[in-house]
Structure formats: C-alpha cells, structure tokens
Amino acid sequence: MAAGQFADLVRDYEADVLAQLMIEATRQCEGIAGRRLAPFTAVPESHRATGIDPDELSGSGAMPPMDLQGTLGRSYANALGGGDQVRRVWLNEYAPRYPEMWTYSNLQVTLLRSYGGSQAVAAASLLGAENDSGHVWFSLGTFLPPGSLIRVLYDGGYTTTPADLGRACKLLAASLALGEIDPAGTQFGHDRGVLSAQAEAILCTYQRS
C-alpha cells in the first residue's frame, strides 16, 4: 500500500496505523464476500448431524472390509439401535476460488451424540477437510447417530493471497483512507465510490452462492 499507486494517501500513516487500516480493509473484504478469507485460527463451529448418502447405508451388502476399530464401532452402533450413521459434515469456511492457495490445520472434532455419550474424534478417523468444499468424512464405524451435535475447531484461510483479493483489499483501504483525510474528494483525485465499486466487482466472485 505504501509503495503503490495509493502511496500518497498513506504517506503520513505510522506503521501500526497503516497495519490497522489494512486489517480493517481485510475485514470489509470478508464482510462483502460473506466468508473468512485471510488466515484464521481456532474458529469454532457447530453442526447438527443430518442425512446419510444412500451408498453408505450400514446395511449395504457391498460393504468393504473393515478394520477392527470400524467393526467394533459398527457393532456398537447396531447394538444400541442406532441404525444408519452420519458419515460427513461440511465446514463453513473453505476456498471459494484457488483451493491450492488455501490451507487447513489443527482440525478438532467433538461429537455430542443424540444418545450414547460424547467423543473426541481422532484425526486418523477423519478424511479432510477438503480445501474446495470444507468436506470432512468420518471413517466407517464412527458412532454418530443422526441428530447429534458436531463441534469443530480449526485453522485455515489463504496462506498465499490471490492477486485479485490483494487488489480488492488495497482499493477498500484507499477508500477508507480517503474517508479519513479527504472526505470531500477534492485533494487526491480519487473517487471513493469508484474504488469501492471496483473492490466489490472483484469480491462478488468470492461471495457465497
């Protein structure tokens, strides 16, 4: 920001003030897109376990061989009358574009079952989360009855910032700076409305559908 086309707007900003401006612009980007984009840590979510893919019914005759843990989990579920178990959940935050630049880490999942107590799920029992969808797949045999509460905690976000997102953040930061130092738009030759509109045109491609 201090070295580009908007350097004249922030030349008198102290480093910490400029950093705060960029954070504010980043949050505005996320607000317009309706999702987190910058790297985040320890985001908590809760999901209600509903539905199951018909191909994954526990009574399927084409069930592949299971390891001991899966066999015990299925047996326990059947013994308690659990019926078909939930196999998947989708995280709220995932990469709307450029999934190769997105990273997940430190995924923690706790199951508060509709019956049968609670369980912290080991990472080895999870597949995912997938960068392009937020999909998390529970291994076969995980005792997870429909109606259970799934609590997740995870880190993620764009660890490499897509160029268009960086541009949108600069445009919004310039608009914010103009609102502080030149609200009438007479000193620097920049139009706040045009800058905001350009940023929103970029961010619309990151919005939730």
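- By the ring-ring contact (aromatic ring centres under 6.0 Å, His included) test, Tyr154 pairs with Phe40, Tyr104, sequence neighbours left out.
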Margin query: Using the rule given for side-chain contact (heavy atoms from CB on, under 4.5 Å), can you reason through Trp102 versus Asp132, listing the C-alpha separation, both sets of side-chain angles and the distance that settles it, and then say yes or no?
Written below: CA-CA 8 Å; Trp102 185 279; Asp132 61 343; over 6 Å; no
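- Atoms CH2 and CZ, from Trp137 and Arg88 in turn, are 6.5 Å apart once rounded to the nearest 0.5 Å.
- Contact between Ser118 and Leu112 at its shortest, heavy atoms only, is CB-CA, 4.2 Å.
- Panel note: side chain Ser125, backbone Val121; no donor-acceptor pair is recorded below 3.5 Å.
- Gln28 and Leu176 get closest at one heavy-atom pair: NE2-CD2, 3.3 Å.
- Ser196 places no side-chain N or O within donor-acceptor distance of the main-chain N or O of Gly193, the cut-off being under 3.5 Å.
- Judged by the 6.0 Å distance and 45° axis criteria, Arg35 is positioned over the aromatic ring of Tyr94.
- For the pair Arg27 and Glu30, the salt-bridge criterion is met [side-chain N within less than 4.0 Å of a carboxylate O].
- Across all non-hydrogen atoms, the minimal contact from Pro99 to Asn131 is O-ND2, 3.2 Å.
- Judged as a salt bridge (Lys or Arg N to Asp or Glu O under 4.0 Å), and not counting sequence neighbours, the contacts of Arg97 are Asp164.
- Within 6.0 Å of CD on Glu14 lie no more than 12 heavy atoms contributed by other residues, nucleotides or ligands.
- Note that CE of Met1 is 6.0 Å distant from CG of Leu21, once rounded to the nearest 0.5 Å.
- Exactly one of Leu144, Val109, Leu126, Val136 qualifies for a side-chain contact (heavy atoms from CB on, under 4.5 Å) with Val89. That residue is Val136.
- The backbone N or O of Ala42 sits less than 3.5 Å from a side-chain atom of Asp155, completing a donor-acceptor pair.
- Residues Leu91 and Glu45 are in side-chain contact: their nearest non-hydrogen atoms beyond the backbone lie under 4.5 Å apart.
- Atom SG of Cys29 and atom CZ of Arg36 lie 14.5 Å apart (nearest 0.5 Å).
- Side-chain atoms of Gln207 do not come within 3.5 Å of backbone N or O of Gly34 as any donor-acceptor pair.
- Once rounded to the nearest 0.5 Å, the distance linking CG of Leu178 with CG of Leu195 reads 6.5 Å.
- Using a 30° and 60° split on the angle between ring planes, Tyr98 and Tyr206 fall in the tilted class, from 30° to 60°.
- Across every non-hydrogen atom of Pro96 and Tyr158, the tightest pair is CD-OH, 3.5 Å.
- Using a cutoff of 4.0 Å between basic side-chain nitrogens and carboxylate oxygens, Glu93 and Arg208 are scored as salt-bridged.
- Counting all heavy atoms, side chain and backbone alike, Leu9 lies closest to Ala177 at CB-CB, 4.3 Å.
- Between Gln5 and Asp8, the closest heavy-atom pair is O-OD1, 3.6 Å.
- Atom CD1 of residue Ile32 and atom CG of residue Leu172 lie 5.0 Å apart, to the nearest 0.5 angstrom.
- Judged by distance alone, with hydrogens and angles left aside, the side-chain atoms of Ser148 form a donor-acceptor pair with the main-chain N or O of Ser114 at under 3.5 Å.
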Next item on the list: Dump the intermediate steps for side-chain contact (heavy atoms from CB on, under 4.5 Å) on Ile202 and Leu171, then the final yes or no.
Entry: CA-CA 10 Å; Ile202 295 171; Leu171 291 167; 4.3 Å; yes
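- The shortest distance between side-chain heavy atoms of Leu165 and Leu203 falls below 4.5 Å.
- The main-chain N or O of Ser46 is never found under 3.5 Å from a side-chain atom of Arg151 such that the two would form a donor-acceptor pair.
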